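Heads up: the structure comes next, in structure tokens.
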Amino acid sequence: MKREINFTLNGDPVSIEVRPNEKLLDVLRDHLGVKSPKHGCGRGECGACSVLLNGKSIRSCITLAVEVDGQEIVTLEGLEKNGLTDLQKSFLKHNAFQCGFCAPGFTISATELLNNNPHPDENEIREAISGNLCRCTGYKNIVGAILDVAKKK
Amino acid sequence: MKKLKYVGKNAVRIDGLAKITGAAEYTDDIEFGPKLLFVGVLESPYAHALIKNIDTSEAEKVPGVRAVISGKDFPEKFGLYLKDNSIFPIDRVRYVGEQVAAVIATTQEIADNAVKLIKVDYEPLPVLQSPLDAIKPDAVLIHPDLGSYEVVPWLYPQPGTNIAHVRKIRKGNVDKAFKEADFVLEDWYHVPHVVHAPLETHISVSLFTLDGRLTMWNSTQSPHTQRNIIAHSLKIPHKDVRVIASFVGGGFGGKAGINMEVIGAVAAMKVPGHPVKVRWTRKQEFENTSQRQELYAHIKMGVKKDGTITALEHKLYWDVGASAEYGSNVVNATGFSATGPYRIPNVSIDSYAIYTNRPPCGAYRGFGYSEFHFGLESHIDRMAKMLKMDPVEFRKKNAISRKDKVAYGVEMNPTGIQECIDKVAEAIEWGKEDKSPDPNKIRAKGFASAWKAPAMPPNESSAAFIKFSEDGSINILVSGMELGQGFMTAMAKIAAEELSLPLEKIRVELPDTDRNPYEWQTVASHVTWSCGNAVRRAAIDARNQILETVSRAYHIDKSNLYLEDGQVKSYTDSEFKLPFENFVINGIEMPDGTYRGGPIMGKGMFMPEFSSAKVNPETGQGGHPNVHYTTGAGAVEIEIDKETGRIKVLKAAEAFDAGKAINPDLVKDQIVGGFVQGLGTALWEEVKFDKNGRILNPNFTDYKIPTALDVPPVMIPIIVEVPQPDGPFGARGIAEHTMIPVMPAVANAVENALGVRIKSVPLTPEKILNALKEKEEK
């Protein structure tokens, strides 16, 4: 049994019919063509599927699509709508990512952090991104890139 | 040598923008339209059982199910080195999670639900979970047909046993050397199974059309090898199999060769005209891809009082799991190299690939070298202690050098191992004591050396095309894979250097076996070297075509022409400047209105023509199985909490001899990333099985990989450059090597801190506390 939900996706109104057991991640990727959140674990453990729900980072792989009815969702596509953000520029400059699969999720978590705390120290940064797994980088350049933005703000 | 403009200089990685904007397309991001079908897989609940019957009739009746397939439909075997793997097993299952049948349906949900309706009658068999049990003469056979499998000529399966391969090295006389040694120490070491844990799980989309064409979109390190295996096993002409590779969300060896992709290929053949998607869950990624081999190693080493190592007997018992199609070569490669980076006159190595009822094992960053270095480098520290010699000095004294021969009789390549050891010792402040302000915490340092050679067939090869466009920019077509290691940027820089073309004018394309030239696989830390040589030759070929065209049109001798910043210039006429865009496609107009030249297309290839796998099976002597070794060292400073047993790494340093770092920044990033992956295996990571062979921790809650909170605050990556004579600009690979020193360096630091030797990883708080308790009781 499908149900219509209405929400804001990256600033635009969206109206879509979903099944009650459909995950937000699958609706975003398979029905709305928003591909930056990735499937990593399906259990909310790796952070690759992170999106912002009313400004707060959530795991879209364990969020039911019906839960976002009437809410506001922002993905990486929304953050860069008006060009690269300072955070993205810093990630680029620092060669922050290697395989890149986890990059959208880290960008969401780091954006949430900097929105709430524009000048985090290194420990606060590590804490904020500790729910996002990266197997390639050892996190050094990711932390360095966020720290750079935090210092400049 | 000419001053380098691009090679050796830092730059933003050329795939960086795609990755930080989400523009980078991974296989699951591709849209396949409404005809897309999905595959659900029935997995074996038994680690070892005979299949008596498979009844798929109920599953076939489910609305939305298009087909159900099993071993009776596709009985073919496949494999990279030893064809012991089944697309679907026919008569028996060999591990929990093995694919027994598959349902193709219109949605994933329908496919997964229909899978539950397949009935299979099993007759359970005894389960073997340890290579030490499986090697016993009376052990149940996991592959009774081992003698009938196709195999490359340099692997030696032992039919009638569970031994898939044994690599032996014999050099000098170990028995005599042990008798004459001043100190001899022997012991066992253990390294358990771990998993690659790439963030992107395996995924494959296949489309078979009635014109006989099979197209696959795979997340893979090995597009051409996959095409070769698929074409060969399913008897489809190579030209009709096309593998397209998107960006890969982490490989680490796990996406080398082929595994679940074969299910997608045969599923697609059952439903022509429909793309078919197989995407592994995280649980399937643990259970049914490949794991790192478990190793039980027995080491016996003899030394003289002056600190000279005189003899090594190294027996390696590898659990390769239920298939050795790829893992047999891990066992082979480490057999040749299990001396580590040392000059040892008397050597005996036996490296056994042993089947068990655990998931198949295969390539994993380091290709077995991390595992045997754990024992060897632990042993080296213990020998130094017996000698009352500093372990760093002991390593330096015995480290292999250019003039030495490796255990199989081939001369060592140029190596910067002494410099690596010195620089790491300096960075970690070896010898300087550091005390924790907390009396419950003890600090200490640990050291390890490392080496590794690419493990490859002797005739592996790489090829490259360089295509110019109207504006003088180029597309480099190769089939090496960007896994995150910086391959694309390295290839771009090599071409940039030979063509004097800025990086902004260069794209490196992802593999497509129809369009891009051949590459064996992106494995073995060899593509910078091998594909780099091919790209360099392609660039030189393009440069020659450019000079030829300009020379013919302007009647200037080629030797007077050179390339600079995307222009052709002349040594004899400083006014002469011809931008590439003026002629690289459309040629050069002559006074009579005719044109000279045409599209510039460079091609290059590389195969190491000196390599040979033909050796004496009893001694390992007589061939040239490895092309070269990359050497290095690593060290850590740790702090142990005596109350909790927890280890914290405060500082790490690693140095590797890259020959020539094409991208110094990205080499350092490999060192840091590899160190942290190694740290996971040293402290936390272990796949746990129950007594029936089922994995207990197939998720990231129970199998912990390092987070941003777990990594050392200080990590010092160091590049050493002793050029590799046959490498592009002197380069050799370093990416896997960075993991190798970590497990033994941490174990050595633990002994230096507590006076206890722990001979198995991971070094859990439980092991630390037990070791402390045992020490107190003594």
Side-chain angles (χ1 to χ4, degrees), chain A residues 19 21 26 29-30 33-48 75-77 79-80 84 87-107 122-123 125-143 145, chain B residues 10-13 15-22 24-26 28-29 31 109 196-201 203 247-252 279 281-283 285 482-486 489 663 665-666 669-677 679-680 699-701 705-713 715:
Chain A
R19 282 178 288 118
N21 63 346
D26 297 327
R29 289 181 56 87
D30 300 342
V34 173
K35 304 288 190 182
S36 75
K38 307 294 185 197
H39 272 285
C41 66
R43 292 168 47 113
E45 296 168 339
C46 78
T75 68
L76 178 61
E77 287 85 347
L79 297 179
E80 63 194 12
L84 293 187
L87 182 63
Q88 284 177 303
K89 286 178 195 159
S90 188
F91 280 151
L92 184 66
K93 185 179 139 216
H94 283 257
N95 289 324
F97 300 101
Q98 292 182 17
C99 86
F101 196 76
C102 66
F106 273 95
T107 311
E122 190 178 325
N123 284 333
I125 292 171
R126 287 185 182 278
E127 187 75 47
I129 62 170
S130 64
N132 292 79
L133 296 177
C134 167
R135 190 59 151 172
C136 300
T137 63
Y139 306 98
K140 188 178 179 182
N141 294 354
I142 300 174
V143 172
Chain B
N10 287 329
V12 165
R13 47 187 311 150
D15 54 339
L17 195 56
K19 287 173 175 174
I20 59 115
T21 57
E25 192 174 60
Y26 301 84
D28 200 30
D29 299 338
E31 292 285 355
E109 205 175 353
H196 308 81
L199 265 286
E200 178 202 38
T201 58
I203 178 165
F247 275 113
V248 169
F252 314 110
R279 190 182 73 194
T281 62
R282 181 56 59 186
K283 185 162 176 277
E285 190 73 18
E482 174 60 63
L483 304 168
Q485 80 282 45
T489 312
N663 297 302
D665 264 1
L666 301 191
D669 292 350
Q670 282 303 298
I671 294 177
V672 169
F675 176 84
V676 171
Q677 197 174 355
L679 190 64
N699 58 65
F700 288 138
T701 301
I705 68 171
T707 73
L709 292 170
D710 300 318
V711 302
M715 291 187 275

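Hydrogens, waters and symmetry mates are skipped; everything else that's a heavy atom, side chains included, is used. So that the names make sense, note that chain A is the first sequence line, chain B the second, and so on, each numbered from 1. Note that the structure is predicted; figures quoted are calculated from it, not measured.
- When each of B:L483, B:V672, B:I705, B:T201 is checked for heavy-atom pairs under 4.5 Å with chain A, B:I705 comes out on top.
- For B:I20, the parts sitting under 4.5 Å from any heavy atom of chain A are the backbone and the side chain alike.
- Partners of B:D669 by salt bridge (Lys or Arg N to Asp or Glu O under 4.0 Å), not counting sequence neighbours: none found.
- Note on A:T75, A:L92, A:T137: by heavy-atom pairs under 4.5 Å with chain B, the leading option is A:L92.
- Among the candidates B:E31, B:R279, B:H196, the residue making the largest number of heavy-atom pairs closer than 4.5 Å to chain A is B:R279.
- Partners of B:F675 under the ring-ring contact (aromatic ring centres under 6.0 Å, His included) rule, at least two apart in sequence or in another chain, do not exist in this structure.
- In this structure, no portion of B:T281 lies under 4.5 Å from any heavy atom of chain A.
- Remark: the backbone N or O of B:G486 is paired with a side-chain donor or acceptor of B:E482 at under 3.5 angstrom.
- Heavy-atom distances place the backbone of B:A11, and not its side chain, under 4.5 Å from chain A.
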> Can you check side chain to side chain donor-acceptor pair (under 3.5 Å) on A:Q88 and A:E80, steps first, answer last?
Replying inline: CA-CA 9 Å; A:Q88 284 177 303; A:E80 63 194 12; 2.6 Å; yes
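- Looking at B:E25, neither its backbone nor its side chain comes within 4.5 Å of chain A, counting heavy atoms on both sides.
- When each of B:L709, B:V676, B:V711 is scored by its heavy-atom pairs under 4.5 Å with chain A, the top score falls to B:L709.
- Using a distance-only test at 3.5 Å, with no hydrogens or angles considered, a donor-acceptor pair links the side chain of A:E45 to the main chain of B:F700.
- The part of B:D665 that comes within reach of chain A is its side chain, from C-beta onward, which places non-hydrogen atoms under 4.5 angstrom from that chain.
- For a residue to count as touching a neighbouring chain, one of its non-hydrogen atoms must lie under 4.5 Å from one of that chain's; by this rule B:A24 touches chain A with the backbone only.
- Contacts with chain A were tallied for B:T21, B:L679, B:L17, B:I203; B:T21 has the most, counting heavy-atom pairs under 4.5 Å.
- B:D29 has a carboxylate O that lies under 4.0 Å from a charged side-chain N of A:K38, or vice versa, which qualifies the two as a salt bridge.
- A distance-only check finds no donor-acceptor pair linking the side chain of A:R135 to the backbone of B:Q677 [under 3.5 Å].
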> Given A:R29 and A:H39, is the side chain to side chain contact (heavy atoms under 4.5 Å, CB included) satisfied, shown in steps?
Replying inline: CA-CA 9 Å; A:R29 289 181 56 87; A:H39 272 285; 4.0 Å; yes
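- Listed options A:P104, A:G131, A:C134, A:C136 were ranked by heavy-atom pairs under 4.5 angstrom with chain B; first place goes to A:C136.
- When each of A:G33, A:C99, A:G138 is scored by its heavy-atom pairs under 4.5 Å with chain B, the top score falls to A:C99.
- Within the 4.5 angstrom heavy-atom criterion, only side-chain atoms of B:E109, from C-beta onward, approach chain A.
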>> Assess the residue pair B:K19 and A:Q98 against the criterion (side chain to side chain contact (heavy atoms under 4.5 Å, CB included)); give the C-alpha distance rounded to whole Å, side-chain angles, the decisive distance to 0.1 Å, and a yes or no.
In response: CA-CA 8 Å; B:K19 287 173 175 174; A:Q98 292 182 17; over 6 Å; no
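- A:S36 and A:E77 form a side-chain donor-acceptor contact under 3.5 Å, judged by distance and modelled atom types alone.
- B:Y26 places a side-chain N or O within donor-acceptor distance of the main-chain N or O of A:F101, the cut-off being under 3.5 Å.
- Of all the listed residues (B:A197, B:G16, B:G22), the one sharing the greatest number of non-hydrogen pairs under 4.5 Å with chain A is B:A197.
- Looking at B:L666, only its side chain comes within 4.5 Å of chain A, counting heavy atoms on both sides.
- The contact between B:V12 and chain A is made by backbone and side chain atoms together, counting heavy-atom distances below 4.5 Å.
- Using a 4.5 Å cut-off between heavy atoms, A:N21 touches chain B through its side chain atoms alone.
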